[in-house]
Structure formats: C-alpha cells, structure tokens
There are 2 protein chains.
Amino acid sequence: MESKPKPIPLGNLAETGADEKVERRDAAANRTLILQTAVALFDEHGVSDVNMADIAQAAGVGKGTLYRRFNNKGDLCLALLDTQMSEFQETMLAQMRQMTADGETYMAQLGMFLDALVHFTAVHQPLLCEIQREGLFLLSATLSLPHFWQYMTVSGLLQAATTAGEISPELDIAYIADALLAPLKTDIFRFQREVREFSLERISAGLRSLTAALAAAPS
Amino acid sequence: MESKPKPIPLGNLAETGADEKVERRDAAANRTLILQTAVALFDEHGVSDVNMADIAQAAGVGKGTLYRRFNNKGDLCLALLDTQMSEFQETMLAQMRQMTADGETYMAQLGMFLDALVHFTAVHQPLLCEIQREGLFLLSATLSLPHFWQYMTVSGLLQAATTAGEISPELDIAYIADALLAPLKTDIFRFQREVREFSLERISAGLRSLTAALAAAPS
DNA sequence: AAATAAAATGGACTACAGTCCGTTTATTTG
DNA sequence: CAAATAAACGGACTGTAGTCCATTTTATTT
C-alpha cells in the first residue's frame, strides 16, 4: 500500500514501456485513419449505433486490420479517450497539489475529485459505456485503465487522510475506494440519470455525503 | 416516498396481476421442460458456457419457442432465481420484524440485510451475472426485479432510520440506497472477489463500515 | 538492388443472439 | 363432434462480434 500523501498515477496511459517495437508505417497510418473514421462515425450516428464492421468499411480497411489494432469496440473507445483521461488526471493532480498547499484536508480533496469525476463521467458516458461493457474491468486489475487510476487516486487520498487523522484508521481503504467509485460505473450512473432522473448535482452531493460521513465518524 | 418503518416488497415476483390469461397446456409444459433442461445444462457446463441454442436443442424445442417464453438468457435466469429470491425476501422480512420487536435499530437491521445480501450474491453470482448483463437494469426501474426489491428494502430501512433519528435527515436516501447496493452489482463484486481476492467477510465488513459511518455522523 | 524475414492486410468464416413467419396444436364455439 | 380461432411451434434467416489464414506490403540484410 502506498502511504505517500500524493498518489502518482502512471503518465501516459497507453504506452508504458520503452522497449516497444516501432510500428510499421502502414500500420501507424491505419491506426490514425481508423481512429479518425471512428470519431466521425460516432459523431454522426452516436457511439452505440456504430459497429466494428461499419468502422472498418468506412475506413476502407478489412475487419482483420481493425481487430489487429483494437481487440474490440471498448478498446477502440479507450484509445479515443486516452488523451482526455491524461489531461483530466493532470488537472486533478495539479488541483490536489494546490489544495494541499492551501492547507485543505485530504477528504476535501477527495470531495473535489469525486465532483470532477462525476462531470467527467457524464461528459464521456457513451465512450465509457463501451469501455466498461467488455470484461476489461476484470482483467488483472491493471487493465481497466479508467478504473485503475481512479482507484489509485481515491485510495491514495484515503490513505493520506488516514495518516493525517481525518478518518478512522480502522477503515478498509481498499474496499471503501472501490465502493465509492462503484456508483459511477456507467450502468448505475445511467440508471440514476435516465430512470431516476437525478441531476449531476444530486449525484455529486450524494457522494460527498458519503465521504463526509466517513470523515465525521469517530475513530 | 414510503415512510413506513417496514418496507413491503411485492409478494410473488413473477406474476403480479390477477387477470392474466391462463397459459395453454403445451406452453406450460414447455416452460417447465425448458427450465429443467436449463438447470441441468447449467449444472453440467456452468451458466456462462451454455447458450440459448444449446438449451433449445437439449429441451427438444425450437429457438422460437424458447424465446417466446424468455426474451433472453437473463430473463430465463431470473425465472430460475424467482423462488429463491422470494424465500430470501420472506426470511429478511421476518428477521427484520424480529429485530424491530427486540428493539434493535433500523441501521442494525440494514447491516444484517446487507450481510445476508452479500451471501446471497455470492451464492447466486452466475445467475445474477446473466440477469444483470441485459439492459434489464435500465428498463423503467420496475423491471430489474432483483435491484428493485433490494432498493425498496434498503431505502425503506434508511427512511425508518431517519424517522427514528438514527441518521441525519439531510441525507439523500434514494441516492444512498443505490450507492450502498452499487458495489454488489456482479461486475464489481466479481472484481473484488476474483482480482482483489476479498473474502466475503471483508466485503460485508466494508459495507457495514459505510452504514456505521452514516449512523455515527452528526445530523 | 534483390532476397529474405517479419508484420500487416482483407475478407471469408465461425459462433451466437435474436427475429420472422408458415405450419401445427390446443381450446372454444355452434 | 366439427369448425373456427387464437396461441404455440420450429427452424430458417438476419445481424453482429470476433477469428483465421493465404496474400501482400514493409523493413532488413547481403
């Protein structure tokens, strides 16, 4: 368990190593072609109404080529979200650093993070929905990138809060981190938005009330 | 919003009305035949390794017949779970009545209910997994039966706890009820069990710590 | 520049979900 | 009991995900 007050998620979410073989020129060209085509189709018809065959055809490549780059639609969507996830991450880290400098509590930082995450989830819902449809979530923890770094951030902040005495040391941080993020999984999030018709503010407030309860409970 | 201290979920989960047309004899026979066949196949190969065509063939009926009774695999699994859900429900209601009689708090009852639900989820995980795979969850709130009555129970208890002054009246009960149930959705539950390797006790304890925090926080 | 090896390509192919509709069977009515 | 009607039936059919592999393209070596 990391006990550093400041969690440091991985930098670039897509390529981790340095010894990665360079991609052949035609392959690289096709990757960008596919991504651009996918964006165009998604914009026109909506993410859920576009299938892999459509993308392959529109991009003028075979299905084999498409699947060579992206194992499934979720994988492709993950690639489309990569940049924005990195930016969001950067912004959050900066904000948290600032708040620490301003003497704000870690639980306050957690509240801020969850608020921001609610908005991020709302904005990117269609892509996140596809990303989460796959078993991506299950594969060896490391592989659901979105959940992974969200989890790292939340558990890092909870750990820091524990060390700082803001919450009880009895709490199971690993569990609580998952549990706080659970209602932001797209199926539940969509259910709350579309069926229960909760506003984003209501969802944010609900999550905050949970963190507030944790902070207020006796150790 | 129901403010009764005791939530009363619907009795029989499958058939609600009284004016339901009687099923033709061959249809009824096929339904039981299909269900029995499905159970046998599920037992032999595991729920996830059996598809609808397999079931139809093993039962000696056409796919059309199968789909006429059950819209999809999740629907079929829901039918298989119907009895056990009703029993679980009955047991819980009885237990809660007893606890109320013994002067236990509603939040204590909530803890008990969540504990039991963790075990129920673990035992029936494969079926629940199929049930939740479908958009069943999304359709008009009423239609995800498992979630629906779990939600009714939890929100009912929270409401009662509020009235009894056990938790802050500021809390958004509808939100909290969803949020407490969210980590028991099968994708997250399986992730915690299989990847994080959490024990059932750890999961129960984690949920309890959340309810405890709610109960302990000032109003 | 030609030969070779490795990687990439396209589209046919398999597998499964779910639909459709012409035929059969149970039930009701006369 | 026979005819009429409505429900149920079976399996062919469509649509989509994802795999496979013979062929083509790129990069490397001589």
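Keep in mind that the numbers below use all heavy atoms, side chains included, and drop hydrogens, waters and symmetry copies.
- In plain terms, the two heavy atoms of B/I173 and B/S155 that are nearest each other are CG2-O, 3.7 Å.
- Ionic pairing of B/D187 and A/K185 is not present here: no N-O contact between side-chain nitrogen and carboxylate oxygen is shorter than 4.0 angstrom.
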Quick one: do A/L35 and A/L76 satisfy side-chain contact (heavy atoms from CB on, under 4.5 Å)? Show the steps, please.
CA-CA 8 Å; A/L35 288 177; A/L76 195 159; 4.2 Å; yes
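- When the salt bridge (charged side-chain N to carboxylate O under 4.0 Å, His left out) test is applied to A/K73, the partners found at least two apart in sequence or on another chain are A/E130.
- Taking 4.0 Å as the cutoff to heavy atoms of chain B, we find the contact window on DNA chain C bounded by C/dC16 to C/dT27.
- Within a heavy-atom distance below 4.0 Å of DNA chain C, the residues of residues 48-69 of chain B found are B/N51, B/M52, B/K63, B/G64, B/Y67.
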Throw together a table of side-chain donor-acceptor distances under 3.5 angstrom for residues 114-124 of chain B, partners on residues two or more places apart or in other chains.
from   : atom 1 : to     : atom 2 : distance (Å)
B/D115 : OD1    : B/S204 : OG     : 3.4
B/D115 : OD1    : B/R208 : NE     : 3.3
B/D115 : OD2    : B/R208 : NE     : 3.1
B/D115 : OD2    : B/R208 : NH2    : 3.0
B/H119 : ND1    : B/D115 : O      : 3.3
B/T121 : OG1    : B/L117 : O      : 2.7

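- No side-chain heavy atom of B/D82 sits less than 4.5 Å from a side-chain heavy atom of B/L78.
- Closest of all the heavy-atom pairs between B/L66 and B/M52 is CD2-O, 3.0 Å.
- Proximity of residues 34-47 of chain B to DNA chain D (heavy atom under 4.0 angstrom from any strand atom) is not detected for any residue.
- In this structure, the separation between CG on A/L207 and CZ on A/F113 is 11.0 Å, given to the nearest 0.5 Å.
- Atom CZ of A/R133 and atom P of D/dT16 are 14 Å apart (whole Å).
- Note that the CG atom of A/L210 and the CG atom of A/L214 stand 7.0 Å from one another [nearest 0.5 Å].
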Going through the checks in order, is the side-chain contact (heavy atoms from CB on, under 4.5 Å) test met by A/R196 and B/Y175?
CA-CA 9 Å; A/R196 300 224 195 277; B/Y175 182 85; over 6 Å; no
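- Not one N or O on the side chain of B/D54 forms a donor-acceptor pair closer than 3.5 Å with the backbone of B/V50.
- When all heavy atoms of A/A38 and A/L80 are compared, the closest pair comes out as CB-CD1, 4.4 Å.
- Contact record, B/A161 with B/M107: CB-SD, 3.8 Å, taken as the closest heavy-atom pair.
- Near-neighbour residues of DNA chain D inside residues 23-33 of chain A, defined by a heavy atom below 4.0 Å, number-ordered: A/R24, A/R25, A/D26.
- D/dT30 is paired with C/dA1 under the Watson-Crick or G-U wobble criterion, all donor-acceptor distances under 3.5 Å.
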